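As the structure is a computational prediction, the values presented were derived from the model and not from experiment.
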Amino acid sequence: MRHFSVYAPSILMIINRNSKFARHRYHCLTVVFSLLLGACSTFQADLAETTALQDQPIAAINTPLPTPEAEIINQPGTQPIFIADYYVAPWPYIPIENPPSVALVKPEPADIDDRPALSLAVKMAQTHESIILQRREAGLQALAEIEKNKDAWHRLQQGMQLTPVLNDRVSAQLNWYLNHRGYLERVMQRAKLVLPFILDELEKNNLPTELALLPIVESAYQTFAYSHGRASGMWQIIPSTGRFLGLKQNWWYDGRRDIIESTRAAIRYLNTLAGEFNGDWDLALASYNAGPGKIRNAIRYNRKRNRPTDFWHLTRIRKETKNYVPKLYALKELFGHPERYQLELLPISNEPAFEIVDLDRQIDLALAAELAGLTINELYQYNPAFNRWATSPSGPHRLLLPKDKSEQFKQALSEVPAEKHIKWVRHKIRTGETLSEISRKYRTTTALIKSVNKIRGTQIRAGKYLTIPTATKSLKSYTLSKTARLSKIQNTRRSGNKQVHVVRPGQSLWGISRRYGVSTNALARWNGMAPIDTLSIGQELIVWTNKESLVQSLANLIAAGPNRGLHALRYTIRKGDSLYRIASKFNIRISDIRRWNKIGKYLQPGQKIKLYVDITRQSG
């Protein structure tokens, strides 16, 4: 009844004009003024509450009052009765919290014979109070809708185009996610940096926004992710596919980890795959995981046997691919209907979390971080594609920076001379030094040294000087560079005895793992590699084993060669020979023969192969 003071003049008019009230005017006025005093007594509290709310976005404290609206009720057979003047406040209306109640003192029944007009006026007041509360509720709902439209998750939901699937395979993946809510929270935290940009790119290409959830399946939005299959970045692109998509990969920079370039490349690739399979997104997604060739082979296999050729009926595909598409549909269900699964979505703004700042040359990342007011780690999180201590000399010449740091960086960078973007060292060439040795010493590349010093070939002269770009800080400061990340992995303490193996010509991960009695996958994992990665001569590998003495003896045996029992020989294939017969004859493995030689499908008489035989194991 807070607004009763607005209606009081109208009620007084009713009392004065209606003859039925004339006889009991004193009692009627008593009721009216009691209500009026009750309303006035809360005026000061209302004013204080209104002032406190003036900074709220839905408040309209200074809004002038609109023109009163008059409502006339014309009852049949009677003169029109003027019921009330009241104000209709425009949206947004000033919120009313805990409106005060006014107690009505009910008169004795005998004092007023007929009270329909007074009851009508009171009901009008109550009705208008209800209207005000309804409008306030509508205003709050409208504000909530505005905030909802600013959220990236809502935008993702609105752009979903794939037909929902909730079969047993999808339900199994959905249950896994629901049982690992901590994992989902970490995923949503990482999504803050990349989700709005991914949605921007998908909408530009008019593609389903569900594809923005694909990096969860691939990497959980981890931009530094690296798999056993050599896939890198949050979109998990392998080197060959990256080259096919035009992503640069060199000593300085890996475009597969670039937030901008990898996202655009992955979206182009997904769009191409969808076209290859006539808009069938299930097959396109499976192809993104397994490769389009494997999916076409699986389709041909089903077609020859008159089986359905949709994704859900394919059998000649890996288990990983069979689970791949169901994982995306499970995420679609989960993030499309979070209220069904009591999943509280972490609010993410629709606006990208970063700004692209263009540069005109290479810059030391430690200097860039200092100019932007960031730590080096924070800068790497926004720019994970840079492998070393600086941006790539051949580009891209740009940095991603938090929006609130970009202007500060631009201003500070404008005050730094161009020649100081990188630290330069003058190196005197010593006798016997090579460009590759010098480049390793300064953690740079031979190509860059040659370019800076205008060297055409590989010949350098002792006593001359080279100008070499180098880091402004200790290399240990660049904690997310490729070198630092590898060092952290290799220095992680594990069970067993730590051995350092230096790679020699002709060695592979498989061969080294066999020598030390460990698995190839474990050896690769200890050294931040994939099992199929190539090795470089002189590269140091960490090996952990529980059999130190056996490891040392095996390593010495292999290194010693013929003097310790191993003997290399060249064998000429004879008519009737097979790999099995040769392996049995010399007590070696068929796989070793294949590894030591490039052998085709068939052996030819007269063909020569190399064998490494332990002479101590031959029976003569």
Q | Closest heavy-atom pair and its distance - S219, Q236 | A | CB-CG, 4.3 Å
Q: State whether the side chain of N205 and the backbone N or O of E201 hold a donor-acceptor pair below 3.5 Å, judged by distance alone.
A: yes
Q. With no hydrogens and no angle check, is any side-chain donor or acceptor of E210 less than 3.5 Å from a backbone partner on Q161?
A. yes
Q) Is atom OH of Y341 surrounded by more than 12 heavy atoms (other residues, nucleotides or ligands) closer than 6.0 Å? A) yes
Q. Are more than 12 heavy atoms from other residues, nucleotides or ligands located less than 6.0 Å from atom CZ of R300?
A. yes
Q. Taking C-beta and beyond as the side chain, do L283 and V325 meet within less than 4.5 Å on heavy atoms?
A. no
Q: For side-chain contact (heavy atoms from CB on, under 4.5 Å), just list the numbers for M234 and T263, CA-CA rounded to whole Å, side-chain angles, deciding distance to a tenth of an Å, and then say yes or no.
A: CA-CA 9 Å; M234 68 174 173; T263 297; 3.3 Å; yes
Q | Closest non-hydrogen atom pair between L379 and L365, with its separation | A | CD2-O, 3.2 Å
(Q) Is it true that, when you exclude N179 itself, more than 12 heavy atoms of the residues, nucleotides or ligands shown sit nearer than 6.0 Å to its CG? (A) yes
Q: Check for a donor-acceptor pair, side chain of R305 on one end and backbone N or O of Y301 on the other, with a separation under 3.5 Å.
A: yes
Q: Decide salt bridge (Lys or Arg N to Asp or Glu O under 4.0 Å) for K248 and E261; before the verdict, give the C-alpha distance in whole Å, the side-chain angles of both, and the deciding distance to 0.1 Å.
A: CA-CA 9 Å; K248 290 184 179 180; E261 296 302 329; over 6 Å; no
Q: Give the ring-plane orientation class for W176 versus Y183, where under 30° counts as parallel, over 60° as perpendicular and anything between as tilted.
A: perpendicular
**Q.** Donor-acceptor pair, side chain of R169 and main chain of W312, under 3.5 angstrom
**A.** yes
Q) Counting only heavy atoms not in K610, do more than 12 sit closer than 6.0 Å to its NZ atom? A) no
**Q.** Exam field: side chain S171 to backbone D168, donor-acceptor pair closer than 3.5 Å
**A.** no
Q: Could you check S287 against E276 for side-chain contact (heavy atoms from CB on, under 4.5 Å), going step by step and ending with a plain yes or no?
A: CA-CA 10 Å; S287 298; E276 280 190 34; over 6 Å; no
Q) Using 30° and 60° as the class limits, which term best fits the ring planes of Y288 and Y269: parallel, tilted or perpendicular? A) tilted
Q. Would one find more than 12 heavy atoms of other residues, nucleotides or ligands at under 6.0 Å from atom NZ of K322?
A. yes
**Q.** Q539 atom CD, over 12 foreign heavy atoms within 6.0 Å
**A.** yes
Q. Could you go step by step and tell me if T209 and M160 meet the side-chain contact (heavy atoms from CB on, under 4.5 Å) rule?
A. CA-CA 5 Å; T209 54; M160 288 183 172; 3.9 Å; yes
Q.
Looking at every heavy atom in both K498 and I542, which two are closest together, and how far apart are they?
A. CE-CD1, 3.6 Å
**Q.** Side-chain heavy-atom pair Y382, L401 within 4.5 angstrom cut-off
**A.** no
Q) So does R494 have more than 12 non-hydrogen atoms from other groups sitting under 6.0 Å from CZ? A) yes
**Q.** Audit row: Y329, N167, side-chain hydrogen bond (donor to acceptor under 3.5 Å, both in side chains) steps and yes/no
**A.** CA-CA 10 Å; Y329 276 106; N167 55 29; over 6 Å; no
Q) So, the side chain of D358 versus the backbone of R398: is there a donor-acceptor pair under 3.5 Å, distance only? A) no
Q: State whether the side chain of R388 and the backbone N or O of W251 hold a donor-acceptor pair below 3.5 Å, judged by distance alone.
A: yes
Q: Look at atom CZ of R307 and say whether more than 12 heavy atoms of other residues, nucleotides or ligands are closer to it than 6.0 Å.
A: yes
Q | Smallest separation among heavy atoms of F311 and I317, with atom names | A | CE1-CD1, 4.0 Å
Q) Has the side chain of R581 got a donor or acceptor atom that lies under 3.5 Å from a matching backbone atom of G576? A) yes
Q. How are the rings of F386 and Y253 set to each other: parallel, tilted or perpendicular (split at 30° and 60°)?
A. tilted
Q.
Are the side chains of F335 and M188 in contact, using a 4.5 Å heavy-atom criterion?
A. yes
Q: Show your reasoning for whether side-chain contact (heavy atoms from CB on, under 4.5 Å) applies to R186 and R190.
A: CA-CA 6 Å; R186 293 191 296 275; R190 298 188 194 112; 4.2 Å; yes
Q) Of K319, Q173, E218, which is the lone residue that meets side-chain hydrogen bond (donor to acceptor under 3.5 Å, both in side chains) with Y324? A) E218
Q: Take R155 and D200 through the salt bridge (Lys or Arg N to Asp or Glu O under 4.0 Å) test and state the conclusion after the steps.
A: CA-CA 10 Å; R155 181 180 168 195; D200 285 345; 2.4 Å; yes
Q: Quick one: closest heavy-atom pair of S262 and I237, and the distance?
A: O-CD1, 4.2 Å
Q. Is there a donor-acceptor pair under 3.5 Å between the side chain of D151 and the backbone N or O of P347?
A. no
**Q.** W252 (side chain) donor-acceptor with A390 (main chain) under 3.5 angstrom
**A.** no
Q. Taking C-beta and beyond as the side chain, do K332 and V170 meet within less than 4.5 Å on heavy atoms?
A. no
